[in-house]
Structure formats: C-alpha cells, structure tokens
Number of protein chains: 4
Amino acid sequence: MASPIRVTVWNEFRHEKVHEKVMKVYPEGIHGAIAQHLRHQDGLVVRTATLDEPEHGLTEEVLAETDVLTWWGHMAHREVKDEVVDRVYQRVLDGMGLIVLHSGHFSKIFKRLMGTTCDLKWREANEKERLWVVEPGHPIAEGIGEYIEIPHTEMYGERFDIPAPDTLVFVSWFEGGEVFRSGCCYRRNKGRIFYFRPGHETHPIYYQPEVLRVITNAVRWAALSPEAPKPVFGHHPNPLEEIKPI
Amino acid sequence: MASPIRVTVWNEFRHEKVHEKVMKVYPEGIHGAIAQHLRHQDGLVVRTATLDEPEHGLTEEVLAETDVLTWWGHMAHREVKDEVVDRVYQRVLDGMGLIVLHSGHFSKIFKRLMGTTCDLKWREANEKERLWVVEPGHPIAEGIGEYIEIPHTEMYGERFDIPAPDTLVFVSWFEGGEVFRSGCCYRRNKGRIFYFRPGHETHPIYYQPEVLRVITNAVRWAALSPEAPKPVFGHHPNPLEEIKPI
Amino acid sequence: MASPIRVTVWNEFRHEKVHEKVMKVYPEGIHGAIAQHLRHQDGLVVRTATLDEPEHGLTEEVLAETDVLTWWGHMAHREVKDEVVDRVYQRVLDGMGLIVLHSGHFSKIFKRLMGTTCDLKWREANEKERLWVVEPGHPIAEGIGEYIEIPHTEMYGERFDIPAPDTLVFVSWFEGGEVFRSGCCYRRNKGRIFYFRPGHETHPIYYQPEVLRVITNAVRWAALSPEAPKPVFGHHPNPLEEIKPI
Amino acid sequence: MASPIRVTVWNEFRHEKVHEKVMKVYPEGIHGAIAQHLRHQDGLVVRTATLDEPEHGLTEEVLAETDVLTWWGHMAHREVKDEVVDRVYQRVLDGMGLIVLHSGHFSKIFKRLMGTTCDLKWREANEKERLWVVEPGHPIAEGIGEYIEIPHTEMYGERFDIPAPDTLVFVSWFEGGEVFRSGCCYRRNKGRIFYFRPGHETHPIYYQPEVLRVITNAVRWAALSPEAPKPVFGHHPNPLEEIKPI
C-alpha cells in the first residue's frame, strides 16, 4: 500500500480575524475549510499552519514531514519572513509539492519560484467566472465537466506575468470581458507547483465541490515519490583516462 | 481500491521468427519479455497482440478493454493496416495511453500522432548509451539513478524530427558522438503518449531492470482516469438572449 | 539587404462565388483582401492561389517559390487533393511557413501537421470577441494593444483539440461565455506554423487593421532564413574505430 | 529602415587581470573579443561594461539605452550588487534581451529570472564538446551546420537545474559521457532570455566563428520591437453596469 500523502494547508489567517464578513464565510479560517475537505479524502494526512504561529508554523520539522503544501495569503505577504521563504523554497526544489491559491500569486514564495512579478489585473464586481478545461487528459482535471462555473467572484485578468506554464489546464472566462490562465502546472527541480486561481475571502468558493476536487487532484499530482532520482551537482571527476591537457 | 490498469503489449513479432540471433535473445518474442515483467507489477492486467494475428490482435473489443498500449515494430511498419491505425489513433485521442518503443518511432501510428516524419540518424556499432534524467521530478523517472547505462546498443541521433515534447524526461549520450531526446511525453486530446528509445531486437535491453522500470512507470503515467472530463465539440447553442443579428 | 519574403495567399474561394452576402463583404475574395494588405508591406512579394485553379494553384513551382503560405478554407476542405496536401506538408517540414486562418483549423493540412482532430465548439451569434495578448514579448503581437476587439463574430470555444502550442500568444474571450486559444505557434521540423482564429466569410474581419497587422507579423515570424541548418537523417557511419562487435 | 540594436557586452573582467594564461587568450578581455565581433555585424551598436566600473557600468542610463545585454561572469558573482541586479531584472521584464554565457549560469541575475538554483555538473578536462541543433527552424541556429564542435572545453553536465526551456535549441555531447541542454530560450514578461553554454576563460572559444554566429543570432532574436504591447496591471474598473453586489 502506498504511504499517505502528508499535506500542510497554510493560510495567512488575518482577514478571518478582522473582517466580520470573512468570519461568517470561513469561521474556521480558509485553511479550516480546505483542510476539512482534504481530511475526508483517502490517503491524505492533513495539518494546518498559519502566519501568526511561531515560524509561521513552517519549521524545519513541519516541512520535512510535508509532501505537499497549499498556500493562501493576501494582505500580509510582506510579513512572511525571508528565512521561512528560503526554507520553503529549498523544500520545493527538493521535491515538496506546492499548490498556490488565488491571491497567493503575489506571495514571496510564488514570485521567487517563478522569477517574474506575477502581477495581473483585478476587479471586485461579484461577476461570474467559468474555468474551461483546456487539457482534459491531465490528472488535475479529473472529475470535472467541461468547465467549473463560479457564480460570484473577484476577476483576475491577463496579462498575468508568469512564465508560460509547463502545462496549462484551465483558462478562465469572466463576465466583464477578461480571460485568465487559471490552472498552471510547473516543475522546478524536483518540485511540482500548481497555481489555481479560484478562491476569495468573502466568497464561499472553498466550499464548492469542483474547486475542492481540483485542489485534491492537485495534491495527488504534486506529491513526489520517495523513489524520485536524486540529482547530483558540482565537480564530477574525469572518467576517461585518455583526456589529457591540450 | 483503484481498478487495475489493462495493458496490451503489441509487437510486430517478425524478427524473432526469421533471425536465429533474435530468437535466442527473445525466445518468447519482445512482447513476451515486456509482458512477463509487467505481469509481476501490482495493479496491472496484461495481454499481448502481434502483427500476424487477425486485425493485428487489435480489434475494437481489445482496444476498448485497453487502458495503455505499448508498441514495438521495425521491419513491417507498412504492413500495419490503415484501418487498424485509424482505430488505435481514435482510441488514443479518446484517452488510451500509448508507449512507443525504440524503432516504433517510424510506426504509422506514431507518425500520425506527431504530424512529422519522426526520422533520425542511426548506426549499429554496439556502442554505449547513457540516458540522463533531465526532469527528476517526473513520475516516469521514479526509481532511476542519475542515468541509465546501456552497455551495447544501436545509436539513434539528432536531429530527431518530432514536435518539441511537452515534457522531456531523458536525453541520451552515445559513445560515438551523438545525443538524442530519448524519453518524450506528449498529450494528444485525452491520450498520453510516451516515446522511449531503448530496445533492439538483438540486444537484451528489455531484460534490463531500469529499462523495464521506466516502461512500468510510463504505463502508470499514461493510464487515464475514467473520471477524466469528456470534451464536447460541434455546434454550441446561444446561451445569451441578448445576442442578436447585427 | 534581406531578400523579400514571398507569400502565397491561398483561399478556398467558394463562399464568395455562391453567397451574395459574402460577395458583398469580399468582392475580390478573402484572398484578395488579405493579399491587398500584404502587398503594401515592406519586403513582401505576394501572390494568390485558390482551390479551383489547376492543382489548386499550388504546383511544385509555386511552392518552391513560396516562403510563407496563408490558408483559408471552410466548405470544401474535402476537395483539396491529397497529393497537394502531401506537397504542402513536405514544404512546411522543409521550412515553408504556414499561417492557418479561422475555419482552416479543419483543413487537411492543419490536421495532418497537428496529429489531432482540431475540433472545437462554434456558434454563429454575431457576438463580441476579445483576443487578449498573453505573450507580449512575442513578435507576432507587435503593434497590438492589450487586446484586439472584434465587435461581431462567430464563436469558437474550447475544448480546441490541438497539441499544446509551443507558444500561446492570444487567448479569446467571447460574449456568450467561452474562451479559445486563438493565436498558437508551432514548429514542425524546420517549418513555423501559426494558427490565428479571426476571420469569417460574412464579417469584414480581414479589413480590421489589428487583424491584418497580426497576419503580417506572423508572415515575418514564419519566414525561414535560407541559412537555416539542414538536418541529415538516416544511416550515420561509425566515427570511432574502437567500437567493435561485442 | 529598422533602428540599430544597441548591445551592451558585460563581463566580470577579473580572470583576465589576474591569470596570465587568461590574459594571453583574451588580451582585451572576454568582453573585448565578443564586442569586437558584434561591432562588425550590420545593424548593431555595441558598448561594453565590466564589474569594476562604477555601478558595474550598468547605470540606469546605460540600461535604458540597451536593447540586449550579454553577460559573462564566474569568480565574482557575489560582488555584483543587489541594486544593480534589481535594475537589470526590471529591464529584462520590461523587454531588454539577455544573453547569459557559460559560467553566467550561476549569476544572480540568471538565478533570479529562472527561480531555480541553476546548478550543474562540471569538470575541466579539455574534452571535446558537440552542440547538436535540435530545433533547426529556430533563428538562433541560422548559419550553423548539424552541430558545433568545440575541440577542448570544460564539461557542463546534466542535471542542469533550470525550468524546462520554452525552446531548446542545442543539446551538448561531451567526450567524457555527459549531455547538457546548452542553448535554452525563455520569455519572462516582455524579455527574451537565451542561455548559451560555450565559453571559458582559458579556451579561445569566443573566437570560434560558429559560437560568435550563435551569439549574434541570439542578439537579433532577443531584441524587442518598440511596438511590443505594453501590459497593464492592477485595478481594472468594471465595464459592465449590470454587475451588482450579490
């Protein structure tokens, strides 16, 4: 039997403490809603971590025991300590999966892994979004129909300043006239990264079954086998006796 | 529990009948060697099919019950009937995985799916090959070290006339001075395709554990979930009453 | 000084002959409108060819003197002779650029080069389209703003059954709720291919300056230098004396 | 007539000052050798800049007047000031081309744009390298044969920790048994980046005509048109009156 996938659901967890409207939508926090769903899936072991815990809840020990990390942040990206970002960054390159959600596009960790500004257009107008599946054979799209419809959401529009995804799984349509690459897969060294657009602090999007299904699929896709090859870097001695100085 | 993956191992099975040297290396045929290995892997159900069977062993029924097809051919690519190629092509687009091995690069089915000639350089000089892992986080590379070394093999060299792979997993080095993109992933509609270079009728390469491990990994990677989205094509009626003739 | 780029603008040229409405929009044919624009651009030499000419106007001689071919077809894809398709196919692989327009997605030549069905959703509802630039650093997007807006057009929607583009330059938004990968670059051997969605026989889209600008940009991007490397295929003799039979 | 492309050739310029052997090979510095060649190409205007100049020679003014920057560094990557790296980074995202040469793989600017460690294997054994063209239709390969052979060079081997290139143009073979992705194209926002492996302080590689041809091709490829689209980010007001609070 395969080992369980150990998931850490990370949330900034600030909006929920200060905005009554957000508290009502996510009384256990955004992390609570996501973790609650993941805990009911076969083969996942789930914990949570938040910004205001010591070391943001992301100690060396926690990361060493994390196969896949999900990330939601918005108003306090700057408060995430650089040393914790360094630690998460190194773990991703070493093979930890990373699922970046919605406003996490502007997190330090995502910008560092992408190498770009990750900037975009946005608007809060409660408009309709449809995430169309453009790669129906990808495991992250399993269980989804032709598209996911979100009735009321914040708009994110192109130009989204990211590297072209290794695989583009979803493209969003917005009522107001924009499109967005909303489901994007990347490999960075041994780590698998998935950016997924849906989610917002005042819309109950992390209760929508299709959205949760995609997050679950992404967790499974992003989990690396312990048998993955271990790249070796640095000086590599000369195997051929016949190579001589010129 | 997940359903088993149903694999059909297809082989041209001609060299083995006419060349004594090949018979000695593969007394059960190349398909026999590969199927023998796959049958010992968890969760795989394996059958074989060969060119000289009726409909090349690839009837509608067989294909309907095949999740992943592996393909080896060389001297008789032209004898594969176009109607069978059409059938396999359609099944791949509908989601059947396809693993194309070695000289299968020139098969009708691979050329059709690629849209290019799939031509390359070659030489039979029993030279050494090393397949370097360039994407260590990819599931097809699981269980492999930094590279696979094949002591004696036919050379295949660039320029290999394929579309740039969606993911390039292995790059080969050859003793005589060439390189080759030797592990290439593609998505075509819902089907996942993997081209894997190793293998030859007179070298015992399909007994080498790392080669068999990659084929097994590729079978698992290429198997589509029954829950994959079903794309809809064609006329799509107007959902918006307000769109009127100009 | 660089040599001029020799462009052949190919058009099925049937709608224009049988539908009065189309005649009014394109009195010189769709090819006439496109060629008229290209003839005014620096460094382009332009001719046209149509289905009902002998060999569809695409003789060996014409193709040998064509650096970039643009393709528009719709109602008579099946009438394009396979031998002409073979000829165009070979020229593309040898380095002729190919710009496939709108309903050309279902042409024999595009399907053959893609290796997929190239199917899609469609609807004729005179709705608005916006082609958003998702790769602003690509030469095909030069001279365009953030998007191109087409006020009244046919809808094409995902899932579009194409291989993931090597570079995705435009993504379309449609009023009725769909998205579409509407500007897609591919390399196939030495040939550069660009699929561009806009255009329709009853809408005056090939008079819209931004659309014509993109077609012009694409022609320049797709033209191969005569100094491009010439790949060599086939048997490649052994350069190393020390490689011996096992 | 097109405006000239303004190139700045940057070099660390330290080895040349302290190692007699390097001085002999590059008496005018590595930047001198590269700039000398580029100055003889049509349509290029060339200047140089080095580490020990004020602001490393890369002031706001210089960068504002640079269309393409080439970068060679090795022993003093850490001495490049972060504020200069920030400035170059911003200019690349805004559209300045960047050609990173050889040991520049470990420069701050390349690692920042890639988002990975850019680590690799290496060995100094004066061995032979062949850079095979795997994408013969790409403009960077113009004027090259099937491969470039470098008789004596340092080895760089996979695994090279970079994101999968948007386009892979060259793959290297090394005498000692390794391969390397040695010509890699990337787009990052509006900037085009090309990593090119050849070059070393003690081998006269920057005098080899094919290597210089590739650098020249890359400069032309990386130069952005002043007419490139200008992406707009940030708040994007609501164009639809009918979108109302829920």
Side-chain angles (χ1 to χ4, degrees), chain A residues 1-2 42-43 92-98 128 130-149 165-170 175 185-193 210 213-214 216-217 220-233 236 239-240, chain B residues 1-2 42-43 92-98 128 130-149 165-170 175 185-193 210 213-214 216-217 220-233 236 239-240:
Chain A
M1 205 193 84
D42 284 347
V92 171
L93 296 185
D94 289 347
M96 182 180 71
L98 180 68
K128 193 197 293 184
R130 278 186 188 168
L131 294 104
W132 287 90
V133 175
V134 298
E135 210 57 80
H138 197 281
I140 286 181
E142 281 175 20
I144 303 303
E146 288 207 278
Y147 56 82
I148 299 171
E149 186 158 308
D166 294 335
T167 312
L168 178 63
V169 181
F170 297 104
E175 205 172 347
C185 299
Y186 296 93
R187 297 180 189 283
R188 289 298 180 264
N189 197 18
K190 294 172 66 176
R192 300 170 193 167
I193 301 161
E210 303 97 314
R213 176 66 192 263
V214 170
T216 309
N217 290 343
R220 296 193 196 284
W221 169 81
L224 189 73
S225 162
E227 290 191 77
K230 297 183 185 6
V232 178
F233 300 111
H236 194 61
L240 291 186
Chain B
M1 206 194 82
D42 284 349
V92 171
L93 296 185
D94 289 347
M96 181 180 71
L98 179 69
K128 194 197 290 183
R130 278 187 188 167
L131 294 104
W132 286 90
V133 176
V134 298
E135 210 57 83
H138 196 281
I140 287 182
E142 281 174 20
I144 303 303
E146 287 205 279
Y147 56 82
I148 299 171
E149 185 159 310
D166 294 336
T167 312
L168 178 62
V169 182
F170 296 104
E175 204 171 348
C185 298
Y186 296 93
R187 298 180 189 283
R188 290 298 181 265
N189 198 19
K190 294 172 66 176
R192 300 169 194 169
I193 301 161
E210 303 97 315
R213 176 65 193 263
V214 169
T216 309
N217 290 344
R220 297 194 196 283
W221 169 81
L224 190 73
S225 163
E227 290 191 78
K230 296 183 185 7
V232 178
F233 300 111
H236 194 61
L240 291 186

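Here is the naming used below: chain letters follow the sequence lines, and residue numbers restart at 1 for every chain.
Interface remark: of the candidates B/Val232, B/Asp166, B/Asn189, B/Val232 forms the most heavy-atom pairs closer than 4.5 Å to chain A.
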Can you list, pair by pair, the side-chain donor-acceptor contacts under 3.5 Å of residues 131-145 of chain A, counting residues two or more places apart and other chains?
unit_1	atom_1	unit_2	atom_2	d
A/Trp132	NE1	C/Gly177	O	3.0
A/Glu135	OE2	C/Arg159	NH2	3.4
A/His138	ND1	A/Ile140	N	3.1

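Residues satisfying the ring-ring contact (aromatic ring centres under 6.0 Å, His included) criterion with A/Tyr186, sequence neighbours excluded, are absent altogether.
Atom CD in A/Glu227 sits 4.0 Å away from atom CZ in B/Arg213 (nearest 0.5 Å).
Looking at B/Asp42, there are no atoms closer than 4.5 Å to chain A (heavy atoms on both sides), in backbone or side chain.
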